Amino acid sequence: MDTSRVNPINNDNTEIHDIISCKICFEFLTPPVSQCLYGHITCNDCLSKLTEKKCPVCRRDMSKTLPNLILDSILSSFQVKCKFQDCHEIIKIPNLKTHYKVCEFNYEIPCPLSILGFSVFDPQCTHVYDARTMKRHLKDIHNLNVLPFDGTIDWGKIRTREEKVLTKVFNDNNMLFVAVLSCFDSNSELAIIPIICSKTINVKVLIKEGSNFMKIRRKVEGLRSPLNSAILRLSSSDIVTFCNGKRLSFSVSFS
Ligand SMILES: [Zn+2]
Ligand SMILES: [Zn+2]
Ligand SMILES: [Zn+2]
Ligand SMILES: [Zn+2]
């Protein structure tokens, strides 16, 4: 097919995008594709990276798949505009992901749970998305709903000897962020990870055990700074005086 005569698909057309997107990477399907025995389609490449070969749509086994040669050649002939708003490049679908890796307007970030390195998020998530798609990823893959943020996260009382990782996603006007509190034996760790952060925010953490309390203040920079420096992470050494298998209470507020 003479691809120069095919008009590029508008990458903002969510209807078309939803129909021919992969339900693992949420991008346009990259040929060659794999089809489950019930007709659902993913990028072959995305499927090969899953440790558990299950169809992301019907959840049935996908260790055996079918090719879809017609779809492969249709996808190979289409061009789309780069999904990053400020980039005006028109790219053939098979080259799209390669372009995203080098696109200077790429504001993608790794899944915030992957940078924590807790083994509880196993298999460790290696996905990378733009902030908009990250919301869907957190819901679909990690089963985390986005909650409205009213200024305070109250984790309540946590007994540190019980192994626990509590994870919540919050949204307010300036910020979409993930808060993770982990308590393993005598180690406690609190992480605030901004996904979208349009201004610098001061975070106040209050840790209490009985009548003892400790206040910690940190600054969380906007997302344009490297992601790692944008994390508020309190480790055991910050919290250690309170960790003797007692019940701690944590609350986090922003200003
Ligand atoms: Zn894919
Ligand atoms: Zn399926
Ligand atoms: Zn681009
Ligand atoms: Zn993830």
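All ligand and atom numbering here is 1-based and tracks the order in the structure. Keep in mind the model is a prediction, meaning the values are calculated, not measured.
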| said: To check your reading of the site, what angle at the Zn ion (ligand 2) do SG of Cys55 and SG of Cys58 form, to 10°? | reply: 100°
| query | Is the distance between the ring centroids of Phe177 and Phe149 under 6.0 Å? | reply | yes
| task | Quickly, which of Asn68, Asp45, Asn44 forms a side chain to side chain donor-acceptor pair (under 3.5 Å) with Ser34? Name it, please. | result | Asn44
| Close side-chain approach of Val180 to Leu166, heavy-atom, < 4.5 Å | no
| query | Do His17 and Phe28 have ring centroids that are under 6.0 Å from one another? | reply | yes
| query | Which N/O/S atom belongs to His40 and is the closest one to the Zn ion (ligand 2)? | reply | ND1
| Which N, O or S atom name in His137 marks its closest approach to the Zn ion (ligand 4)? | NE2
